[in-house]
Amino acid sequence: MLLRTSETTYGRFLADAETFWPMQVLPPDPQAVMVVEALHCDVRVVLRNLTLANAIRRLVPATLLVLVGADPVWPDAWRMSYDTERATGFARAFGADEIVDLHSLVEERLAGGDTKPGDVPADVLDDIVVATHCRLQRIPFITDEVRDSDAYAHAQARAAVYSRFYDEIVHGDRRVVAVVSSHVDYDQWGLLVESAMRGGVPVMHTQQTGALKTYAWFPETGGANQSFRSRLTPQVGEFFEQRIWSRRDDLRPAAERVAWRARTNLGRPSWWRAGADADVELHNPVERRQVRAHAARRFGFDPDKPVVVAFNHCVSDALGTNQEIFPSLADWFSATAAYARTETRVNWLFLDHPSQDRYDESGFFDALASEHAGVPHMVFDRSTALSKSVQWSLADLGLTVRGSVSNEMPAYGIPVLMAGWSEWSACGLAEVATDPEDYWARLRRAVAALLAGESLITAEQVERARLWLWLYRSGTDVVSGLVPAWDTWPPEHLLRAVQVYMRQVETDDEPLFAAVERMWTNRLPLLTRSALAAGTVVPEGTEPVTAPAPHARTEATLPSVALPAPVQPSTSMFSATIHPATRKATQQ
Amino acid sequence: MKTEHPIGTWFGTIWDADPAVLPVPCTVTSGRDPALRSVDSFVRGVAILGRCNSATSMIGLKVRGDGRPVRVVVDLRLDVGADEWWTAQSGLDPARVRGHRLVAVLAQGRTRRGVLLSRTPIGESRKAVGSRVSFVLPAEELPEDGLLLIELIDAAAGLPGPAAGDFVPSAPQGLRIDSVEVTPADDGAGGETGIVDGRTAELAGLISTGGLRGVTTRPRPLPPHSAFLVLNPPDDRPLTCQLSATRRVRSWLPKPARRASTALSRRLRRVLPEVPVPRGTAAPVASAAPVATAASGQAPWARGPYEATRPLPPEVLTVRAVRLVDAAPVVAELTVREGTAEVTVPPGGPVLVTLATSDGGHESDRVAVRAVRCWS
């Protein structure tokens, strides 16, 4: 694992972890097992997986089975290095009862010709192989030539071995309590998740940002024959509607604060680049129009025409992980460009993805740009070439499949049309097309509305987007000394911080344990920092609460502290997990 | 039905304080001033406004115009830090930082001024050069609730291929904006009349020949060093500039030290002129002045080990002119009158004028131009 830290720091950390964890978990039941993957190079990912698994082992007695030994293609793809020995030491320190070197096992089976796949449906297996191959080869889609290549055949064989091995674990003798994974895609992880869901085993998907953030699927929630993310999207939408949208008045000051911080690149997750251009320093439509005049001149746009901005994805990034209405991310982008060629009444700006070089070596973006070169109403450019202010001054409508622009831009009043699902696409922030015909129809209607000067976004969508940002960055971000925020780096700082916490802090009322218990007991799709009880649903027929007027800094809108609702009393015998804030509330 | 909430309505949150607005007159000298907005690739400074960090940098100033025309003066500097910044940030070939920076200054969507800044190491000097870019905005161009937007762009990027090679790419990158001053312009938009000398013209921003040394103390133009000149004619009248040109040649005489120009060397220079050599196949020139070969400007036997400058007679000069930003060709009149050359450019935006010699010489002749006086 990428762990440039002194042996002393690392050794002490392991020693303290080994002392800390056995007292935190229930005595393991040998017939139950928690399966955790430690296949990522970054120690922060492994820390999250093992910490979450142990937090669940406070509620359900189970042994811990850890998968180590990433296939070298993955560290190569990330340009990192993986150290199986260190991963093993880490797992053991966190109480692993069984450690499986996955890479050795897979190599052995491949060498022995033992490549019969598991019970995974053939089309699902094929989709996973396609997505994996695209990601590792850094290409946007599979052509017949690629399908016939040796590398692809090897990828298919490898995937078959994974699927059968995972089936052996998940559908074996022991009861699998849960699967904890940092990814839900590609062969190495996606097949484990698929096997778990098929076997009715809860899946925990830890996130690589913030402190501890996790999405979860529980078998009670259903969703047969769909990917993890497809099952999650409607659940998150329902959660948002019941617990967040219904409490929007209470949450508004906090949501406004997060919206301010998100705009200036504070808070996490933030996928925006930092630096001088991190903020949008424009405050009203007049200023925006003025900057737009400069930006339009720069690109040769007719300043009187609306501008539609299409944001390219990393074209090999987890293809098919959620609903996509076009066959691939690249197909969506090319098809939109072809449509733009014919729609000359508006300007079109096609931006690449800032991380594109790590996901594409086929030159997809540049090829598309040269195909449409010289067309005056279409411009292709690097996303990093425009400051955020310039981008927002131009964008009258944003287009994406599932990119984060579809939650960022609506929070500041810029409408977005999505050609697919993301975890927030059922929360009412942006328009979501259901199939290609619907996408073109919506796009045509949007262009017509833009030409008529109509607004494509409502105050409600802006408010929903701000509430989503709050949920994404605060409500579902569990803060604890056991899992420092993602940017606590280099490893020396990270391990020292966690080691001190394990060594010197008592874990009564530990917020991370309380949060995991809340998610596990209530079968929630997300890990939450505090209990978000459902608020009062606005009865039908009443006026919906409107968003505050912009810049209305009156007494009425000055922020007051938004206290979370009291936590349901816990029935676990291992912790009286009453949230500290509740004590304050009851003392008033 | 036009929307009541155009995009921009929700850019703010309840946590955004009321934006600071400056009255006119005002001077902004620090990047920390709350009325300053960094709109594109501008890094705020503390004692200065800040530095530009790309080929197109833009700042905004929240200024209340009160319905009057205003004069805007932008103080630019090209210093050692600018070159270091450019080398570190631009990602371009570091060798190209030595050269001329051709920058166009736009405001409120229109091109206002062109600036040529050169930190040519004459005598290994590392002194900064600066330029005070000044233009007038009519009242209607400063909207209420709007910003004063100032954008610096690389004007060489739009020039035809070979011409662009003379200039530093991504020219604004690293440039310092020291201050912006906004004052009422009630004395009328065209305050530039009368004949001014070259130094005053550069100080007023009518022309730009590479910038001024010692802008705040004793502003003086650079010694003649390049064949380029930027003219900023007013909106309604042509601008004429009287020039003198020199050519750097190889000489048998050492270049005299500044103060040690002895009478002997002066007499020798008069005694040993450039000897005309019959030209080959080059087109004839309608002048009787001594001409030189196309290759080096001198006969081979006249080339010595030393560099010296010789005045160029105005009859051999030719000009090319191009409008900055849109790169439209411009018809510049060159008149030779009483032994001096005058270039006139029509109004309508800043113009880059390049001097060359009609005797077939080209850039390797190292023509250098100096502005003597200007009028419009």
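As a basis for the values below, the full set of heavy atoms in this structure was taken, side chains included, without hydrogen atoms, waters or symmetry mates. Numbers restart at 1 for each chain; the letters A, B, ... are given by sequence-line order, proteins then strands.
- In this structure, the portions of B/Ser38 lying under 4.5 Å from any heavy atom of chain A include both its backbone and its side chain.
- Between B/Pro19 and A/His283 the shortest heavy-atom distance is CB-ND1, 3.5 Å.
- In this structure, chain B has a heavy atom under 4.5 Å from the side chain of A/Val280, while its backbone stays farther away.
- Here the side chains of B/Ile153 and A/Arg297 are in contact, with some heavy-atom distance below 4.5 Å.
- When each of A/Arg292, A/Glu287, A/Arg466, A/Arg289 is scored by its heavy-atom pairs under 4.5 Å with chain B, the top score falls to A/Glu287.
- Annotation for B/His5 and A/Ser455: closest pair O-OG, 4.3 Å, computed over non-hydrogen atoms.
- Taking a 6.0 Å sphere around CD of B/Glu144, one finds it holds 12 or fewer heavy atoms contributed by other residues, nucleotides or ligands.
- Interface remark: B/Gln108 contributes backbone and side-chain atoms alike to the contact with chain A (heavy atom separation under 4.5 Å).
- Taken to the nearest 0.5 Å, the CE atom of B/Met58 stands 10.5 Å off from the CD atom of A/Gln290.
- Using a 4.5 Å cut-off between heavy atoms, A/Ala411 touches chain B through its backbone atoms (N, CA, C, O) alone.
- Only the backbone of A/Ala395 comes within contact range of chain B, with heavy atoms under 4.5 Å apart.
- Counting heavy-atom pairs under 4.5 Å between each of B/Pro6, B/Gly50, B/Gly60 and chain A puts B/Pro6 at the top.
- In this structure, CH2 in B/Trp15 is found 7.5 Å from CZ in A/Arg257, a value given to the nearest 0.5 Å.
- Closest heavy-atom contact between B/Leu36 and A/Glu281: O-OE1, 3.9 Å.
- Taking a 6.0 Å sphere around CZ of B/Arg68, one finds it holds more than 12 heavy atoms contributed by other residues, nucleotides or ligands.
- B/Leu147 and A/Leu282 get closest at one heavy-atom pair: CD1-CD2, 4.0 Å.
- A donor-acceptor pair under 3.5 Å is absent between the side-chain atoms of B/Asp40 and the main chain of A/Leu386, judged by distance alone.
- For chain A, no part of B/Ala157 is nearby; none of its heavy atoms comes within less than 4.5 Å.
- In this structure, the separation between OH on A/Tyr412 and CH2 on B/Trp10 is 14.5 Å, given to the nearest 0.5 Å.
- Atom CZ of B/Phe11 sits about 7.5 Å away from atom OG of A/Ser393, to the nearest 0.5 Å.
- A distance of 11.5 Å separates CZ in A/Arg261 from OG1 in B/Thr13, rounded to the nearest 0.5 Å.
- Chain B forms more heavy-atom pairs under 4.5 Å with one residue of A/Ala255, A/Ala259, A/Gly413, A/Pro285 than with any other, namely A/Pro285.
- Between B/Asp16 and A/Arg263, at least one side-chain nitrogen of the basic residue sits less than 4.0 Å from a carboxylate oxygen of the acidic one, meeting the salt-bridge criterion.
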Checklist line | Stepwise side-chain contact (heavy atoms from CB on, under 4.5 Å) check, A/Asp396 with B/Ile7 | finding: CA-CA 7 Å; A/Asp396 293 315; B/Ile7 297 183; 4.0 Å; yes

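- Looking at A/Ser387, its side chain does come within 3.5 Å of a backbone N or O of B/Val39 through a donor-acceptor pair.
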